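All values derive from a computational prediction rather than experimental measurement. As the structure lists them, so they are numbered: ligands from 1, and atoms in each ligand from 1. In what follows, every heavy atom counts, from backbone to side chain, and hydrogens, waters and symmetry copies are set aside.
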Amino acid sequence: MYYSPIKMKELLNKHGFNLKKIYGQNFIIDENIITNIINAANIDKETLVIEIGPGAGSLTYKLSEKAKNVICYEIDTTLKEVLNETLKEKENVEIVYQDFLKANVLEQIKKYEYKKLYVVANLPYYITTPIIIKIIEDNIKVDKMVVMVQKEVGDRFKATPGSKDYSSLSVFLNYYFDVKKLLDISKNVFLPKPNVDSIVVEFKKKENLKEVTNKELFFKLIRDAFKQKRKTLKNNLKEYNLLKIEEILKKYNYDLSVRAEQLTIDIFIEIANNLKEENKC
Ligand code: SAM
């Protein structure tokens with residue numbers, strides 16, 4: 001493979017390929033980083049890996065050695081020639097040239113047999129959050145995701161109650177996954193070098209999801225509770241049954257002057273499970 005700035009540039013030039021900022025193309029050029037990501041992901045020959053954005057195939061090449069199969073989604077069709085060269089011997093790799101956000105992933109992975117489904121990717125930064133949300137909303141049953149993201153976005157993903165980065169997205173993600181940082185990545189390992197540092201974050205499916213009686217209501221409650229971050233629950237949740245909410249908060253020594261950023265996911269679940277259907281809208 002082409003794990004050096006010079007070799008990567010030669011490869012791209014040979015195929016007349018120009019890196020595109022609009023697609024968030026920052027390719028990894030450090031073999032050790034790729035090895036570290038792959039080792040941290042702990043992939044084996046029972047694993048189907050979904051990769052979003054193979055780029056020149058640097059990560060894909062090593063994923064294919066560990067995984068049973070790799071299915072990649074690449075939006076940029078001008079990478080075809082490059083990928084045909086770098087992945088030519090890799091029979092367990094399928095590349096779908098499509099916008100991942102528009103892909104019918106469930107349909108496309110039906111033909112594969114596997115025991116574990118992982119997402120492993122160096123995500124295009126301009127759509128990191130929509131990609132993660134799509135995976136959840138499309139009900140793609142991933143066991144684990146190991147993704148490289150911009151450091152500040154990663155901090156939001158793994159934020160805990162009381163921290164400045166805790167948001168409705170952190171609660172949403174923490175409902176489904178145990179989220180933790182695996183690696184810090186310097187901006188120097190990319191071509192071209194981005195302005196920001198990155199981290200590799202692991203999302204591991206929670207084994208026993210807490211029961212939520214009405215998911216729609218639960219997620220709406222969370223979104224509303226964080227609507228204006230500096231405001232109290234009393235202000236953000238005016239349309240809800242505040243008496244009921246106060247009753248639950250009291251059990252945890254809070255009152256309605258609390259802000260959403262202080263509450264754990266379990267408290268949100270308990271509130272949602274005690275609200276009636278009419279609080280939905
Ligand atoms: N995996 C390669 C690496 O680590 O060197 C490339 C990573 S680069 C940060 C992101 C890749 O995602 C690019 O190849 C880009 O073209 C692709 N991409 C951007 N938007 C996409 C989308 N909506 N669907 C699929 N791929 C996309």
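Close approach of ligand 1 to Tyr126 is summarised as follows: ligand atoms under 4.0 Å from at least one heavy atom of the residue are 19 (C), 20 (N), 21 (C), 23 (N). Close contacts of ligand 1 with Gln98, meaning ligand atoms under 4.0 Å from a residue heavy atom, involve 24 (N), 25 (C). Atoms of ligand 1 found under 4.0 Å from any heavy atom of Gln25, numbered from 1 in the order shown, are 13 (C), 15 (C), 16 (O). Listed by number with element, the atoms of ligand 1 under 4.0 angstrom from any heavy atom of Glu51 are 1 (N). Numbered from 1 in the order shown, with element, the atoms of ligand 1 that lie under 4.0 Å from a heavy atom of Tyr73 read 25 (C), 26 (N).
Closest to atom 19 (C) of ligand 1 among all protein heavy atoms lies Tyr23 O, 3.2 Å. Among all protein heavy atoms, the one lying closest to atom 23 (N) of ligand 1 is Asp99 OD1, 2.8 Å. Here the heavy atom of the protein found nearest to atom 21 (C) of ligand 1 is Ile75 CG2, 3.5 Å. Scanning the protein for heavy atoms near atom 6 (C) of ligand 1, the closest one is Gly53 O, 3.4 Å. Among protein heavy atoms, the minimum distance from atom 24 (N) of ligand 1 is reached at Phe100 N, 2.9 Å. The closest protein non-hydrogen atom to atom 9 (C) of ligand 1 is Gly24 O, 3.2 Å. The protein heavy atom nearest to atom 16 (O) of ligand 1 is Glu74 OE2, 2.6 Å. Among protein heavy atoms, the minimum distance from atom 4 (O) of ligand 1 is reached at Asn122 ND2, 2.8 Å.
Relative to the six-membered ring of Tyr61, Lys90 meets both conditions, a distance below 6.0 Å and an angle of at most 45° to the axis. By the 6.0 Å and 45° rule, Lys80 stacks over the aromatic ring of Tyr97. Judged by the 6.0 Å and 45° rule, Lys210 forms no cation-pi pair with Tyr175.
Judged by distance alone, the side chain of Tyr166 and the main-chain N or O of Leu263 form a donor-acceptor pair under 3.5 Å. Remark: the backbone N or O of Asn174 is paired with a side-chain donor or acceptor of Lys206 at under 3.5 angstrom.
In this model, a donor atom of one side chain and an acceptor atom of the other lie less than 3.5 Å apart for Tyr112 and Glu94. A donor-acceptor pair shorter than 3.5 Å can be found between the side chains of Thr78 and Asp76. The closest side-chain donor-acceptor pair between Asn32 and Thr35, if any, does not fall under 3.5 angstrom.
With contacts defined as side-chain heavy-atom distances shorter than 4.5 Å, the pair Val196/Glu152 does not qualify.
Contact annotation: for Ile127 versus ligand 1, heavy atoms closer than 4.0 Å belong to the side chain alone. If you look at Pro54 next to ligand 1, the close heavy atoms, those under 4.0 Å, all belong to the backbone.
Between Leu59 and ligand 1, a contact under 3.5 Å exists for no N or O pair. Ligand 1 has a nitrogen or oxygen under 3.5 angstrom from a nitrogen or oxygen of Ile28.
Phe226 and Phe268 have tilted rings, their planes meeting at an angle from 30° to 60° on a 0 to 90° scale.
With Val119 as the fixed residue, the side chain to side chain contact (heavy atoms under 4.5 Å, CB included) test singles out one of Val147, Ile140, Val49: Val147.
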